[in-house]
Amino acid sequence: MKFVSTRGGVPPTAFDAALVAGLAPDGGLYVPVDLPQVDLVTPRATLADTAHAVLAPYLADSALRAQLPALCDEAFAFDAPLRPLRGAGDHVLELFHGPTAAFKDYAARFLAGALGALRAPDAPDTTILVATSGDTGAAVAAAFHRRPGFRVVILYPDGKVSPLQAHGLECWGDNVRAFRVTGTFDDCQRLAKQALSDASLRAARPLGSANSISLGRLLPQAAYYAHAAARHHAATGRRLNVIVPTGNLGNACAALVARRMGAPLGDLHLACNANDTLTRFLAGADYAPQATRATLANAMDVGAPSNIERLRHWFDDDAALRAAVQATTIDDATIRDTIAAAPVRHGIVACPHTATALHVLDTRRAAGDTDDWAIVATAHAAKFESIVEPLVGHAIPLPDALAACLARPAESERLPVDDAVLRARLLA
Ligand SMILES: *Cc1c(COP(=O)(O)O)cnc(C)c1O
């Protein structure tokens, strides 16, 4: 399978080259030339088996082809259970059982394994530079921690991530360094972009990125949708519709990929926070990226979702896209109300991101929808304890991986918003 750019300015490129490049040279995002049909209706034994079935056609001529089963076993070593909720037809797809208790663990681990396997044994170490508002940095740090040939440098805005999220970025040590930047997330992103475009720095210190536009962060995510839908279909004969808490659109694009490849998925409903760029666009407005607004669901605070290019690429025109995908904007007050009501109404404790999807489900049920829906739980509620605990009125037990992270000492360095200082740190 070859890959082209959403902007059309790149010749068909092999998987391995597209994976290492991240962004296409014309500034677009890599997409496969087509979405292959695979039997995703017959359930497979494990999530890793489904991941293998989903990814195999994309890696048919990759140097990694023979290692794909092992890469899938490693990245998909923890389950993504689909559990029934209280209401008829209501389900939750739990994607928070990995080392950093958020869905980004799956694809970050796949990407780390794949880049590790593609690396020449005598190549100098690559420094993965990642700007993060919380979850991405932790997932990437966990995935590359102690992986030979790689270092990780995390840039995050000082004081703007929750204490538990900060600890999750600072608890690794070894080949991972955390810099708390005295600025905003946008400053962190600018610093990372500047370093990644500095040719003389890269000649002295090979740099790489692991951001969400990478194919290695996107395609593996189709696996948990396909796996859940196949099992649901085998048990009920019905398609599974999904509600996805959405920021940069990577997770939602993966659901679309799974459906196009033949998984028995039905409708796709995007739950967005007050950053309503997508909701406006899908309702018929021109696409107009906006400045990012801070919300309770902070991992979805994206004003210019880059994967919109992929979403548009996969439909003939915007009218077809608008007919196929719905989106709803949920404000912070509604997120709070939904978290507070969820234990009684649905029998779960929801993180602020998951709560956006729950609210969409509530709205659909109130309007008389009786189809089978799964809300996607993108993170564990314990990660956002300062928001969730006061609303549900009790402490939330930490999953083991988060508890282990909190038990390790935290270490970070302050970094001014200054390209020269970061450059010096990277070269040190
Ligand atoms: C990253 C993230 C999202 C948004 O996912 P996208 O793929 O960027 O749309 C939602 N919830 C949580 C907890 C996240 O970490």
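This one's a predicted model, so the numbers in the text were calculated from it and none came from an experiment. Counting convention: from 1, in listed order, for ligands and their atoms alike. Note that these values count all heavy atoms, side chains included, but never hydrogens, waters or copies made by symmetry.
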Original post:
Quick one: are the ring centres of His227 and Phe76 less than 6.0 Å apart?
Top reply: no
Subject >> Protein residue, atom and distance nearest to atom 4 (C) of ligand 1, heavy-atom basis >> reply: Gly247 N, 3.6 Å
Subject >> Test item: side-chain donor near acceptor, Asn241 and His269, under 3.5 Å >> reply: no
Original post:
Is there a nitrogen or oxygen of Ala102 sitting under 3.5 Å from a nitrogen or oxygen of ligand 1?
Top reply: no
Subject >> Interatomic spacing from SG in Cys188 to CD1 in Ile154 - rounded to 0.5 Å >> reply: 11.0 Å
Subject >> Identity and distance of the protein heavy atom lying nearest atom 10 (C) of ligand 1 >> reply: Met300 CG, 3.5 Å
**OP:** Would you mind listing which atoms of ligand 1 come within a distance below 4.0 Å of any non-hydrogen atom of Lys104?
**Re:** 1 (C), 2 (C), 3 (C), 14 (C), 15 (O)
**OP:** Would you please test Asn298 and Ser133 for side-chain hydrogen bond (donor to acceptor under 3.5 Å, both in side chains) and show each step?
**Re:** CA-CA 7 Å; Asn298 67 359; Ser133 56; 5.8 Å; no
Original post:
What is the closest protein heavy atom to atom 8 (O) of ligand 1, and at what distance does it sit?
Top reply: Asn248 N, 2.8 Å
**OP:** Report the nearest protein non-hydrogen atom to atom 7 (O) of ligand 1: residue, atom name, distance rounded to 0.1 Å.
**Re:** Asn251 N, 2.9 Å
**OP:** Please say which of Leu191, Asp198, Val417 ends up in a side chain to side chain contact (heavy atoms under 4.5 Å, CB included) with Leu422.
**Re:** Leu191
Subject >> Protein residue, atom and distance nearest to atom 12 (C) of ligand 1, heavy-atom basis >> reply: Thr378 OG1, 3.4 Å
**OP:** Run the contact test for Phe96 against ligand 1 with a 4.0 Å cut-off on heavy atoms, strictly below, and give the result.
**Re:** no
**OP:** Could you list which atoms of ligand 1 come closer than 4.0 Å to a heavy atom of Ala299?
**Re:** 1 (C), 2 (C), 3 (C), 4 (C), 12 (C), 14 (C), 15 (O)
Subject >> Residue, atom name and distance, where the atom is the protein heavy atom closest to atom 3 (C) of ligand 1 >> reply: Phe103 CE2, 3.6 Å
**OP:** Would you please indicate if the ring centroids of Phe281 and Tyr287 are separated by under 6.0 Å?
**Re:** yes
Original post:
Looking at side-chain heavy atoms only, is the closest gap between Thr354 and Phe96 below 4.5 Å?
Top reply: no
